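Everything numeric here is computed off the predicted structure, so don't read it as measured data. The chains referred to below are lettered A, B, ... by the order of the sequence lines, with proteins before strands, and numbering in each begins at 1.
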Amino acid sequence: MALRDLVIRNRNSSPAERSSLNHPFESFQREIDRVFNGFFTDFGGFKSDFFNLGRASSFSPRIDVSEDKTGINIAAELPGMNEKDIEVSFKDGQLLIKGEKTHDEKKESEDVYHVERSYGSFQRSIRVPEEVEADRIEASFKNGLLKIKLPKSEKEREQVRKLEVKSA
Amino acid sequence: MAEEKKDLAVNEKKEIETKKEHTTPLKRYLPATDIVETEQELLLYMDMPGVDKENVTVKLEKNVLQVDGMIETKPYSELKPLYTEYNIGNYTRQFELSNKIDQSKIEASMKDGVLSLVLPKVAEMQPRSIQIN
């Protein structure tokens with residue numbers, strides 16, 4: 001789906017800007033554009049983001065992998081989604097996260113003014129380096145953050161043991 | 001499917017670089033924001049994954065709407081990172097509002113790490129039909 005065709009309306013390529021004719025309706029249109037552009041002045045740099053809009057239509061969530069004594073923790077940032085939109089599976093040491101983020105907040109009558117957030121379906125697989133107990137993998141979702149806990153197997157934990165240092 | 005393969009790059013979080021000094025050691029990020037316009041209002045959707053409803057502040061002062069989302073750092077203190085695509089930090093963004101927004105009627109709500117703001121337009125900016133006598 002060409003999402004960007006659906007949502008992005010580039011003000012610069014509106015008929016009012018392209019035409020050099022000074023038709024009364026066109027100047028009226030230009031006036032409307034000017035008014036709308038006047039709604040916001042952003043300190044954070046909206047203008048510089050403007051050309052990245054196309055990229056926003058592809059969605060690949062950011063993932064962090066970390067470790068503590070008991071296991072491996074995987075976190076993914078999935079704002080605006082909930083547990084029903086996400087599928088997590090584990091097979092042969094590969095963790096697979098699948099899902100789709102849709103434009104559910106928006107109605108058809110609305111005019112999208114600026115887009116930075118990403119939408120679409122995604123799939124990410126992560127190779128888990130250590131032996132984990134597949135039956136005890138837990139996934140939770142809160143505040144747009146998916147957290148997966150993969151407990152290390154007994155064997156793996158045993159490998160990390162303290163060695164006695166003898167005085168020679 | 002071909003379209004999906006084309007771009008698998010993760011969109012980086014935008015870190016804010018300011019000349020000001022800050023009292024918190026955390027990084028600060030610009031939340032990705034969508035702005036949608038309807039006849040009556042402007043709607044803002046801001047991605048702040050990991051932020052609790054209680055830790056969001058929305059302030060309006062001198063026409064500047066200041067949005068802050070604080071992250072809970074405690075769960076991360078014991079973890080040793082192995083592979084990271086993002087860092088954690090607070091979210092902050094400011095918007096300067098024009099007088100076309102009815103500033104007394106701004107509403108905010110937080111769900112699934114997304115802050116939604118409703119900024120109603122002032123009555124004069126809303127479309128209306130003119131009665132013909």
A/I74, part contacting chain B, at a heavy-atom distance under 4.5 Å: neither
Locate the shortest heavy-atom distance separating B/Y86 from A/A75; write the atom from each residue and the value. OH-CB, 3.3 Å
Does B/I35 belong to the same Ile/Leu/Val/Met/Phe/Trp/Tyr cluster as B/I106, with side-chain heavy atoms less than 4.5 Å apart forming each link? yes
Salt bridge (charged side-chain N to carboxylate O under 4.0 Å, His left out) pairs, two or more places apart, involving residues 45-60 of chain B: A/K101-B/D47, A/R117-B/D47, A/K142-B/D52
To the nearest 0.5 angstrom, please state how far the CG atom of B/L82 sits from the CG atom of A/D64. 10.0 Å
Closest non-hydrogen atoms of B/V114 and A/G80, given as atom of the first, atom of the second and distance, are CG2-N, 3.1 Å
Might you confirm whether atom CD of B/Q66 has over 12 heavy atoms from other residues, nucleotides or ligands at distances under 6.0 Å? yes
Measure the CD1-OH distance between A/I126 and B/Y83 for me, rounded to the nearest 0.5 Å. 8.5 Å
For the atom pair CD (B/E72) and CG (A/N143), what is the distance rounded to the nearest 0.5 Å? 10.0 Å
Working to the nearest 0.5 angstrom, can you tell me the gap between A/H114 NE2 and B/L44 CG? 9.5 Å
Side chain / backbone / both / neither for B/M48 at chain A, heavy atoms under 4.5 Å: backbone
For chain A, find which of B/P49, B/G50, B/G113 contributes the most heavy-atom pairs closer than 4.5 angstrom. B/P49
Atom CD of B/Q40: over 12 foreign heavy atoms under 6.0 Å: yes
Any link between B/L60 and B/F95 through a network of hydrophobic side chains (Ile, Leu, Val, Met, Phe, Trp, Tyr) touching at under 4.5 Å? yes
Please answer: with hydrophobic residues joined when any side-chain heavy atoms are less than 4.5 Å apart, are B/L117 and B/L97 in the same cluster? yes
Got a sec, which residues hit side-chain contact (heavy atoms from CB on, under 4.5 Å) with A/N82, two or more places apart in sequence or on another chain? A/K84, A/D85, B/D112
Checking the side chain of A/D68 only, and the main-chain atoms of B/L79 only, is there a donor and an acceptor separated by less than 3.5 Å? no
